[in-house]
Amino acid sequence: MIVDIQGVRDSALARLAAATTSDEVRAIELAVLGKRGALTDLKTALGKLATIDEKKAAGSALNEATVAVGDALAARLGELRHAERELQLEVERIDLTEILQRPTRGHAHVVTQAWQRLEDVFVGLGFQVAEGPEVETDWHNFEALNMPPNHPARSMHDTFYVEHGAPGSTVLRTHTSPVQIRVMLNTPPPIYMVMPGRVFRNETTDATHLAVFHQIEGLVIDRGITLADLAGTVESFTKSFFGSEFSSRLRPSYFPFTEPSAEFDIRTPAGNWLELGGCGMVHPNVLTAVGLDPEEWSGFAFGFGIDRMAKERHGIGDVREMFTNDIRFLEQF
Ligand code: PHE
């Protein structure tokens with residue numbers, strides 16, 4: 001009997017040492033110490049032994065085996081539970097470590113660069129910089145600029161209307177010229193200002209047209225300003241911005257808010273003429289609309305596209321590419 005007890009004990013200890021999961025340990029516990037367990041069965045068998053001495057010896061061997069198996073069981077269970085917990089933690093671990101890539105340093109967008117360069121050149125020529133709102137009233141965008149309702153020139157400005165106030169009274173500005181109106185209303189002359197900003201036209205985009213683009217407007221109001229001052233300013237600007245090998249010319253044109261009006265072109269060193277923008281002497285009706293006396297004050301205005309300047313400067317084929325935000329494209333400039 002004692003040999004049986006030791007056999008059960010030794011095999012239980014060996015199986016425990018080899019167990020790899022807490023479930024296995026529990027199965028061993030059941031098989032050895034459980035109701036139908038091997039040691040439990042032997043305990044029942046004690047009663048069948050013949051002598052008191054035999055019962056005593058077998059009983060203490062049984063106790064020793066029960067304690068030994070019980071201790072080994074608890075120890076192994078503790079070890080395996082710990083290992084299982086570690087494993088679970090490892091599996092459920094969330095990696096919150098930041099991936100520290102070396103941050104790449106960005107730079108101003110190609111159109112922002114052109115915008116800033118233009119401002120710099122005009123500031124160098126003695127102009128101040130002003131900005132106005134992108135959402136405008138019909139009055140600032142058209143009417144004060146000598147384009148009353150139904151004026152044919154309005155059809156050239158495919159306008160986005162904003163649902164605000166009376167129908168048709170609020171627009172996304174179609175040009176930067178309404179900023180002229182705001183400047184003249186707020187600033188007593190003399191005025192020497194440029195007004196860069198974003199403008200909107202409800203038209204289909206293509207390689208040379210965007211529905212959202214940028215213009216810079218120039219406005220001079222003073223006493224005795226003539227067309228010669230306008231031509232001279234355009235020429236000074238051309239040389240400062242493009243270089244002394246460039247020159248400019250004015251070509252008669254039409255804008256409702258200037259009279260006379262002109263387009264201005266620049267001549268590249270290779271001898272090509274490039275159309276840049278519009279200009280002219282501020283129309284007396286515009287001066288009157290903002291409360292300036294056309295007999296006392298005169299002036300000129302000009303306006304041209306900033307995106308166009310960036311496109312020409314860098315030889316970009318399609319203006320739309322500047323706004324698809326492909327970093328591989330933008331990185332080049
Ligand atoms: N605002 C005109 C346009 O967008 C350009 C312009 C500005 C013309 C100032 C003359 C004077 O077409």
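Atoms within each ligand, like the ligands themselves, are counted from 1 in listed order. Quick note: numbers below take in every heavy atom, side chains included, and nothing from hydrogens, waters or symmetry partners.
Taking atom 6 (C) of ligand 1 as the reference point, the nearest protein heavy-atom neighbour is F257 CE1, 3.8 Å. Annotation: atom 7 (C) of ligand 1 to nearest protein heavy atom, E217 OE2, 3.3 Å.
You'll find the side chain of L227 reaches within 4.5 Å of the side chain of P260, heavy atoms only. Side-chain atoms of Q215 and F304, non-hydrogen and from C-beta on, never get closer than 4.5 Å to each other.
Across the listed options R201, E263, M156, R201 owns the non-hydrogen atom lying nearest to atom 12 (O) of ligand 1. Taking all heavy atoms of R173, M195, H157, Q215 into account, the minimum distance to atom 4 (O) of ligand 1 is reached by Q215.
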Show, in sequence, the C-alpha distance, side-chain angles and deciding distance for T20 and E24, and conclude whether the side-chain hydrogen bond (donor to acceptor under 3.5 Å, both in side chains) test is met. CA-CA 7 Å; T20 52; E24 259 182 81; 2.9 Å; yes
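Where the criterion is an N or O separation shorter than 3.5 Å, residue side chain and backbone included, S177 meets it with respect to ligand 1.
Here the straight-line distance linking atom CD of E86 with atom CD of Q88 works out to 11.0 Å at 0.5 Å rounding. Separation of atoms CD1 (I181) and CZ (F142) is listed at 12.5 Å; rounding is to 0.5 Å.
Near C279, meaning under 4.0 Å from any of its heavy atoms, are these atoms of ligand 1: 8 (C), 10 (C), 11 (C).
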